[in-house]
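One structure below.
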Amino acid sequence: MLTLSQIRENSSFVIERLKVKNFDAKPIVDAITGLDKKQREIKTEAESLQAEMNKISKEIGILFKQGKQTEANEAKEKTSELKDQIKNLSADSEKLQNDIFALLVQIPNIPHESVPEGKSDADNLEIRAFGALPKLPETALPHWDLASKYNVIDFELGNKLTGAGFPVYKGKGARLQRALINFFLDENQKAGYTEYLPPLMVNEDSGFGTGQLPDKEGQMYHVTADNYYLIPTAEVPVTNIFRDVILSEKDFPVKCTAYTPCFRREAGSYGKDVRGLNRLHQFDKVEIVQIRKPEESYDALEEMVKHVESILKKLNLPYRILKLCGGDISFTSALTYDFEVFSAAQKRWLEVSSVSNFEAYQSNRLKLRYKDTETKKSVLAHTLNGSSLALPRIVAALLENNQTDKGIRIPEVLVDYTGFEYID
RNA sequence: GGAGAAAUGGCAGAGUGGUCGAAUGCGGCGGUCUUGAAAACCGUUGUGCGGCAACGCACCGGGGGUUCGAAUCCCUCUUUCUCCGCCA
């Protein structure tokens, strides 16, 4: 969430910039400004009364020590009215704070100045594209047909075990998953990322820290008996490692990577988009997370983009990079690049990575700060994350683009990991 | 799951109702001394909120309560440790 001081000091800037996200912030910002002013007045009053109360209490203590019982008891009587006043004022102040907070979390992150205007994904800006689009013969099959032809992914079986969107990978299909995971993790490690293997369920505090709660509650599977949430991405546990943490400057840059399965309810997604591997309830993903000083975060974002790009190049998949427009960028992000690979038999682009700078938006929720050695102040750090990469759509593109008469050709970089050159 | 013990500042560890935001030691930072370093000595060293500031308020695992006053007493939750049971 934005900080209160951002709104206090730059309310018109906040309102103006959020128009790019097609968000009318004025009513909320105005409401917050009013409540904030009132809250501070009340709090100041409550605190000065509390100061008086503390003073009297101290005096009573001294009187008792001196054996002046009568004076002490007289002083006691003065406190009861004060006590009531403080109680009422504190309650008011707390209520106002809660109201402000409830409004604050409704405001999306301010988009970076380079974010293009736009209504939907149709208005995203293509930054660059790489690789020729493969031309497949008319007989080419979409990946769901290839999956059953070569017996590597069983959607029906997953349906039996759990439900739609939970495929079962088998034989070389399972092996390919493991190969991709290891390949991605190795690439990330070479690029300086520390590997983590986090829990797959998180508590409410973690869900709030990265912004899934309270807004996107319906997107996560909720384990109600223990009030845990299945993670929709490794971003949640990994970024929350740094919740309530004050880093020192020597800790930077913080670069983490993690493989996890991801669980998403995807409520409201139907139709052809969900065919095969295109959209699943459980899928594997390798994530990268960085925590940076504010002045370095946009360099870090570019670095992450280049890194994800290098992996796609090694897999020899045709891809394009989009800068998301105001209408398509997420609630919490300031700037996002999407990576899409071309799935040749479906003849469509599939999103395989989304690399974002959240600036201080998550940090403010997480209370993730660092100590500035110059000013000795705590400053909110910037958080960034991206996929490197999401498996299913990579697999879909690999199956479709690499289909040959001899079977599915495995990219050279993966052969050491799979132990075979063809799925046949 | 049963029984018991505990949770205090970066770490260790005092503190059972009143100048305790918290002794002491270690660590960190600054300084004196030194050619330099070590040692020694002196000083300093938590976070958040409000305020231009002086300063004030809050925080001793979380939440609630008793009291004029709570690190200290009560309730509750969580976590850790020891013993027993069960178990991959």
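Chain naming here is simple, since letters A, B, ... match the order of the sequence lines and numbering starts at 1 in each. Note that the coordinates shown come from a computational prediction; the quantities given were computed from them, not determined experimentally.
For the C1' atoms, the distance from rU82(B) to rU67(B) is 36 Å, rounded to whole Å. Look at the C1' atom in both rC75(B) and rA70(B): the space between them is 15 Å, to the nearest Å. For the C1' atoms, the distance from rC60(B) to rA14(B) is 13 Å, rounded to whole Å. Nucleotides rG13(B) and rG17(B) have their P atoms positioned 24 Å apart, rounded to a whole Å. When the P atom is compared between rA12(B) and rG61(B), the two are found 14 Å apart, to the nearest whole Å.
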Sugar-phosphate atoms are those with a prime plus P, OP1 and OP2; base atoms are the rest. Using that split, label each nucleotide of nucleotides 48-59 of chain B B, S or - for protein heavy atoms under 4.0 Å, 5' to 3'. SSSS----BBS-

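The pair Lys406(A)-Asp424(A) does not meet the salt-bridge criterion, since no charged nitrogen lies less than 4.0 angstrom from a carboxylate oxygen. In this structure, Lys19(A) does not pair ionically with Glu117(A), as no charged nitrogen and carboxylate oxygen lie closer than 4.0 Å. Ionic pairing of Arg40(A) and Glu45(A) is not present here: no N-O contact between side-chain nitrogen and carboxylate oxygen is shorter than 4.0 angstrom.
Ring geometry for Phe166(A) against Tyr221(A) counts as tilted: the plane angle lies between 30° and 60°, on a 0 to 90° scale. Relative orientation of the Tyr319(A) and Phe339(A) rings is tilted, given thresholds of 30° and 60° on the angle between their planes. Using bins of under 30°, 30° to 60° and over 60° for the plane-to-plane angle, the ring pair Tyr361(A)/Phe331(A) lands in the perpendicular bin.
Put simply, the residue from Asn124(A), Val305(A), Thr336(A), Leu125(A) that forms a side chain to side chain contact (heavy atoms under 4.5 Å, CB included) with Lys323(A) is Leu125(A).
If you look at Tyr298(A) and His112(A), their ring centroids are closer than 6.0 Å.
Here rG69(B) presents its C1' atom at 12 Å from CD1 of Ile86(A), a figure rounded to the nearest Å. Taking atom NZ of residue Lys87(A) and atom P of nucleotide rU67(B), one finds them 10 Å apart after rounding to whole Å. Straight-line distance from the CD atom of Glu94(A) to the P atom of rG63(B): 11 Å, rounded to whole Å. Spacing between atom CG of Leu63(A) and atom P of rG69(B) amounts to 16 Å, rounded to whole angstrom units.
Contact check for Met220(A) versus Arg265(A): no side-chain heavy atoms found under the 4.5 Å cut-off.
In terms of heavy-atom proximity, Leu350(A) sits nearest to Ala396(A) at CD1-CB, 4.1 Å. The heavy-atom pair separating Val115(A) from Cys325(A) by the smallest distance is CG1-C, 3.9 Å.
For RNA chain B, the stems formed by at least three consecutive Watson-Crick or G-U pairs, with both atom-pair distances below 3.5 Å, span B:1-7 with B:78-84, B:10-12 with B:24-26, B:27-32 with B:40-45, B:46-50 with B:55-59, B:61-65 with B:73-77.
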Restricting to nitrogen or oxygen on both sides, can you table the protein-nucleotides 18-23 of chain B pairs closer than 3.5 Å?
{"unit_1": "rG18(B)", "atom_1": "N2", "unit_2": "Ser57(A)", "atom_2": "O", "d": "2.8"}

